[in-house]
Number of protein chains: 2
Amino acid sequence: MSTSLPKPQPYHHGDLRRALLDGAMAMLESGGAANLGLRELARLLKVSPAAPYRHFDNKISLLEALAVRGYQQFSAQMKEAAIGDTPEARLAAMGHAYVRFALDNMELFRLMFSPELKRANRPTLRMAADAAFETLRIATATSSPDGGRIAALQAWAKVHGLAILLLDGQIAIREGENLDGLIRAIIGTEPAGA
Amino acid sequence: MSTSLPKPQPYHHGDLRRALLDGAMAMLESGGAANLGLRELARLLKVSPAAPYRHFDNKISLLEALAVRGYQQFSAQMKEAAIGDTPEARLAAMGHAYVRFALDNMELFRLMFSPELKRANRPTLRMAADAAFETLRIATATSSPDGGRIAALQAWAKVHGLAILLLDGQIAIREGENLDGLIRAIIGTEPAGA
DNA sequence: TACTTATGTGGTCACTGTTAACATCATCGG
DNA sequence: CCGATGATGTTAACAGTGACCACATAAGTA
């Protein structure tokens, strides 16, 4: 009568790659990319410290995969948000979605723009990023009739800057102030005063 | 004739604290804060791995000191740049100086806004940062007669976003394009179309 | 059934931040 | 002048990391 021992834990994990990505994402959002350790991740998944290397060349490679997933989500949410009657309204809606994404995925957003990853210069990451920004470029182009690059860059800078400042807690939210309202107020006002 | 031996290296360094800061700054600007190692730094200064700990509690503490120095430089350069006939002109000049500082001290600027440091929440760093931003707050307040917070935040977001995007190489500089001109074009256009 | 490939393990290396115990020096009170 | 004291550096160690190797195990396939 072999009493059921604590489960012989199958030698193979089943879907380690996905588990690694999910676990890494969880660790990322609770402590930043710097505090994300491959060994700790392996420990969490009850797997040997070397196991992750079967699925990712190195730590950067794992982070890159996370960032790529981030850019895909980001891109999708931007497209989804681009609703409105006028091009300007659509652009504003996208800007709002941009900031919301940053706030809802703080560490992921930071990772996506991390210089660490930029230094690695992985082509697949570049492509994911380019694809995401292309969506934005088109929206700004159709929004400003002269195809003005300056106006597009202004809009991008304003939205990106707002996202980062909010992320860093530099912009103090006042008592009883509505965050979404503040965001809209900041990005909504068009330079031309239309 | 005692041939001058390779110098018995005095037991004490003389001004290690300063040397640490300078060396750290050099390492910072060539590889980012992540690649700044206390041991490597000690090695560079021909000093034992534990020596730095006589001057800084830990790595974060060293980085904090660098960031504080950064905020002081930053603040000084902002004040120095605030010249012009109208408040708007002064604000634009400060915005330009803001972006220039970021470009001239890329890694330092990143460090100053690093979440790693923000997490540590050192009071002296907070004070240095607050002092620097206070300069900006005043400039934006005097620039917009209604003391409009929204306008101030818009300006800040635009300038900060531009700095970060340039830092990250997200904004492509076109052939024969003048960087300072581009910066001025982006931050110079006032929302009111003045 | 035998061969091949994918996946996970254990052990090891070089490196890091950090601390504790000890050495050296400069300075100041007697 | 001299000895105590505190500041500064050194050596040795610890835990933790990313990364790599040879090997073990499973799964798939000819």
Side-chain angles (χ1 to χ4, degrees), chain A residues 5-28 30-67 111 114-117 119-120 122, chain B residues 5-28 30-67 111 114-117 119-120 122:
Chain A
L5 290 175
K7 273 198 181 177
Q9 291 273 37
Y11 192 88
H12 287 85
H13 178 283
D15 194 356
L16 185 55
R17 188 190 166 92
R18 163 113 15 179
L20 284 168
L21 284 173
D22 292 347
M25 184 65 96
M27 287 183 62
L28 179 68
S30 76
N35 297 48
L36 194 168
L38 284 191
R39 290 184 99 104
E40 189 182 349
L41 179 56
R43 218 174 297 133
L44 218 74
L45 301 181
K46 297 179 188 298
V47 108
S48 94
Y53 289 89
R54 290 291 153 191
H55 299 273
F56 299 97
D57 285 355
N58 47 38
K59 185 176 172 176
I60 285 286
S61 205
L62 207 206
L63 292 178
E64 183 205 5
L66 285 185
L111 177 67
S114 135
E116 198 68 23
L117 280 189
R119 261 189 274 272
R122 304 293 178 104
Chain B
L5 290 175
K7 275 198 179 176
Q9 291 273 39
Y11 191 88
H12 287 86
H13 179 282
D15 193 356
L16 184 56
R17 188 189 166 90
R18 165 117 10 184
L20 284 168
L21 284 173
D22 292 348
M25 185 65 98
M27 286 182 63
L28 178 68
S30 77
N35 296 48
L36 194 168
L38 284 191
R39 290 187 99 105
E40 189 182 348
L41 179 55
R43 219 174 296 135
L44 218 75
L45 301 181
K46 296 180 190 297
V47 106
S48 92
Y53 288 88
R54 292 291 152 188
H55 300 273
F56 300 96
D57 284 353
N58 47 38
K59 185 176 173 178
I60 285 284
S61 206
L62 208 206
L63 293 178
E64 182 204 6
L66 285 184
L111 177 67
S114 136
E116 197 68 21
L117 280 190
R119 260 189 274 271
R122 305 292 178 107

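In what follows, chains are A, B, ... by sequence order, proteins preceding strands, each numbered from 1. Only heavy atoms go into these numbers, but all of them, side chains included; no hydrogens, no water, no symmetry mates.
- Among the heavy atoms of the strands lying under 4.0 Å from L36(B) are primed sugar atoms or P, OP1, OP2 only; no base atom is included.
- The K59(A) side chain lies nearest to dG18(D) when the options are dG8(C), dG18(D), dG10(C).
- Surrounding CZ of R119(A) are more than 12 heavy atoms belonging to other residues, nucleotides or ligands, all under 6.0 Å away.
- Contact annotation for R17(B): no contact, since no heavy-atom pair falls under 4.0 Å across all strands.
- The nearest whole Å value for the distance from the CG atom in L62(A) to the P atom in dA19(D) is 10 Å.
- Rounded to an integer number of Å, the gap from D15(A) CG to dA6(C) C1' is 14 Å.
- Counting only heavy atoms from C-beta outward, the side chains of L117(A) and R122(A) never approach each other to under 4.5 Å.
- We find that CZ of R43(B) is positioned 16 Å from C1' of dT10(D), with the value rounded to whole Å.
- In the set dT12(C), dG10(C), dT16(C), dT12(C) carries the atom at the smallest distance from any side-chain atom of R39(A).
- Atoms OG and CZ, from S48(A) and R43(A) in turn, are 12.0 Å apart once rounded to the nearest 0.5 Å.
- When every heavy atom of A24(A) is checked against every heavy atom of L41(A), the shortest pair comes out as N-CD1, 3.7 Å.
- For L38(B), counting side-chain heavy atoms from C-beta on, the closest listed nucleotide (dG8(C), dT18(C), dT10(D)) is dT18(C).
- H55(A) has no side-chain polar atom (N or O) that falls below the 4.0 Å cut-off from OP1 or OP2 of dA6(C).
- Distance Y53(A) OH to dG11(C) P: 18 Å, rounded to the nearest Å.
- Separating the CZ atom of F56(A) from the P atom of dC20(D) is a distance of 16 Å, rounded to the nearest angstrom.
- The side chain of N58(B) lies closest to dT18(C), out of dT18(C), dG8(C), dT10(D).
- When all heavy atoms are compared, the tightest approach of A65(B) to F56(B) is CB-CE2, 3.8 Å.
- In this structure, CG of D57(A) is placed 10 Å from P of dA19(D), rounded to the nearest angstrom.
- To the nearest angstrom, P of dG17(C) lies 11 Å from CG of N35(B).
- Atom CG in L44(B) sits about 17 Å away from atom C1' in dC15(C), given to the nearest Å.
- Between R54(B) and P49(A), the one whose closest nucleotide on DNA chain D sits nearer the 5' end is R54(B).
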